[in-house]
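The structure appears below as structure tokens.
Throughout, a chain's letter reflects where its sequence line sits, starting with A, and its residues are numbered from 1. Quick caveat: nothing in here was measured; it's all calculated off a predicted structure.
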There are 2 protein chains.
Amino acid sequence: MITLSEENYLKCIYRLWQDKGQKITPTAIAESLGNNPASVVDMIRKLTDKQLINYDKKKGVELTTQGQKDATLIVRRHRLWEVFLLEKLGYHWDEIHDIAEELEHIKDATLADRLDKFLGFPEYDPHGDPIPKANGKMAKRYSTTLADVKTGGQCRVVAVKDTTSQFLQYLQKLGINIGTKIQLIERISFDNSLVISIDGAEHKTVSQKFGESLLIDM
Amino acid sequence: MITLSEENYLKCIYRLWQDKGQKITPTAIAESLGNNPASVVDMIRKLTDKQLINYDKKKGVELTTQGQKDATLIVRRHRLWEVFLLEKLGYHWDEIHDIAEELEHIKDATLADRLDKFLGFPEYDPHGDPIPKANGKMAKRYSTTLADVKTGGQCRVVAVKDTTSQFLQYLQKLGINIGTKIQLIERISFDNSLVISIDGAEHKTVSQKFGESLLIDM
DNA sequence: AAATAAAATTAGGCAAGACTAATTTTATTT
DNA sequence: AAATAAAATTAGTCTTGCCTAATTTTATTT
Ligand SMILES: [Mn+2]
Ligand SMILES: [Mn+2]
Ligand SMILES: [Mn+2]
Ligand SMILES: [Mn+2]
């Protein structure tokens, strides 16, 4: 049996792996979860014993085939619950992440599949992240951010990389949603701030960090 | 903050209180949860410190006003989730209890109320137990069992007192659901077995324990 | 009332999952 | 290459929630 904490670590490792494709270190995991590196080292031992990860000083942490499967299923449950909370219960997109963070740990052989069917087999969650299918496959993940757009370029928001309520509420305030069209008017060379036009409206300036948190399709 | 274990104890105490109205002892709690009495004594201390229960050698365990409120909310969540699992996800009534046992611990200020609304404010859960309203009030709880019916009497199943899948699957096999009409043909004085007719069909014999597990309305 | 049985409690222990502080290893500068 | 900084690891501690075994208290028989 895999515990709640183990599941959270697994999901975290999975995300780091997808996000960066880089070496996954204890420090990176600790930072991402807000835990102490010493605790991470403990958990690395546990997950290694359970054959869900491999750890090598040189290569860092890697998911085993089983670890990948388990992680994918947790992500599937998380994103399906997010769709449920938004579409069926009427939550806003900045409220659902934390609740899904708990719901994702409910274990039942058929729950995810039933929920998937009930929701009409959605491809993406409310933040634009692809929902893994029962077989582990999933739709395209976008990786280009608003910060990658060249000056003058036009793009469409397809996902958010940051799901904190601070960021999502800021987007709300700016009138940005999945699907919103944005034009990059100017890049301020001093600090890479971005001057943008949202749905053709008047110009607004946002930070580089902001730009790197919005995934777009050109 | 109240932990998952504390919530389970609280709900257990609440059920014992409703079921019997009798003195609630550490042994009774231990039995009901399948835990050791020593563990129960530990938890009694914790819940007392948090002012959710009072414990007196003479009177046994009693819920404080806050304890009652908390317990009622947990029960509310449990029963609402059961309705969801059955009606929206298509589970059978013998599969939902264990999943709801986990879902009931998801904490969010508005979740229960949103779920309630989404489900159309159901009065009873799939086992015939009344669902506490947001204000703590709830519909009538039935207390007469099939074992209380007098010979020759006709009654209607309104709830099950036992929600184990063994019992529920047995009911399924016998064709008994909430709403099913049962006539008590004969009571075997040797062991209080009951000869019954289900929806007017041929006679079947069931045990006293069975009779005491079915709540009915005359 | 004594003897016995049952229930409650205490004492001590264990595993999970976190922490801090100290140490060791590895990487980066100078 | 040595010095320094950063990262990883170890050692030891804490809380929660459970356990077993021993003891004490309470209830039931004889
Ligand atoms: Mn989680
Ligand atoms: Mn999401
Ligand atoms: Mn529970
Ligand atoms: Mn129920």
A:Tyr55 has an atom OH; how far is it from atom C1' of D:dA7, in whole Å?
9 Å

Side chain of B:Glu6 only, heavy atoms from C-beta on: which candidate in D:dG17, C:dT9, D:dT9 is closest?
D:dG17

If you look at every strand shown and take non-hydrogen atoms under 4.0 Å, does A:Asn35 touch a base, only sugar-phosphate, or nothing?
sugar-phosphate

How many angstroms lie between atom OH of B:Tyr9 and atom CD1 of B:Ile74, to the nearest 0.5 angstrom?
14.0 Å

What I'd like to find out is whether the side chain of A:Glu101 reaches to under 4.5 Å of the side chain of A:Asn8, using heavy atoms alone.
yes

Value in whole Å for how far the P atom of C:dA11 lies from CZ of B:Arg45:
10 Å

5′-ward residue of the pair A:Lys23/B:Met43 relative to DNA chain D:
A:Lys23

When the ring planes of B:Phe210 and B:Phe167 are compared, do they come out parallel, tilted or perpendicular, using 30° and 60° as the limits?
perpendicular

Can you check the A:His105 NE2 to C:dG17 P distance for me, whole Å?
12 Å

C:dA18, OP1 or OP2 - any side-chain N/O from A:Tyr9 closer than 4.0 Å?
yes

How long is the line joining NZ of B:Lys57 and P of C:dT9, in whole Å?
5 Å

Looking at A:Arg76 and A:Asp116, does any basic side-chain N land under 4.0 Å from a carboxylate oxygen?
yes

Side chain of B:Thr3 only, heavy atoms from C-beta on: which candidate in D:dT16, D:dA21, D:dT9 is closest?
D:dT16

When we call it a touch if two heavy atoms are under 4.0 Å apart, what does A:Lys46 touch: a base, just sugar-phosphate, or nothing?
base

So B:Glu123 and B:Lys133, side chain to side chain contact (heavy atoms under 4.5 Å, CB included) or not? Walk me through it.
CA-CA 8 Å; B:Glu123 298 263 316; B:Lys133 296 283 161 201; 3.8 Å; yes

Could you tell me whether the side chains of A:Ser39 and A:Asp42 share a donor-acceptor contact shorter than 3.5 Å?
no

Send over the distance from A:Ile29 CD1 to D:dA7 P, rounded to a whole Å.
14 Å

Whole-Å distance separating the CD atom of B:Glu7 from the P atom of D:dT16
16 Å

So A:Ser39, base contact, sugar-phosphate only, or nothing? Heavy-atom distance under 4.0 Å.
base

Nearest whole angstrom, please: distance from the P of C:dG12 to the CG of B:Asp42.
14 Å

What's the CG-C1' distance between B:Asn36 and C:dG12, to the nearest Å?
14 Å

Give me the ring orientation class for B:Phe84 and A:Trp81: parallel if the planes are under 30° apart, tilted from 30 to 60°, perpendicular past 60°.
tilted

Dot-bracket assigned to DNA chain D with the 3.5 Å Watson-Crick/G-U criterion, [ ] for crossing and | for other-strand pairs, is ||||||||||||||||||||||||||||||

Please state whether the phosphate of C:dA16, meaning OP1 or OP2, lies under 4.0 angstrom from any side-chain nitrogen or oxygen of A:Ser5.
no

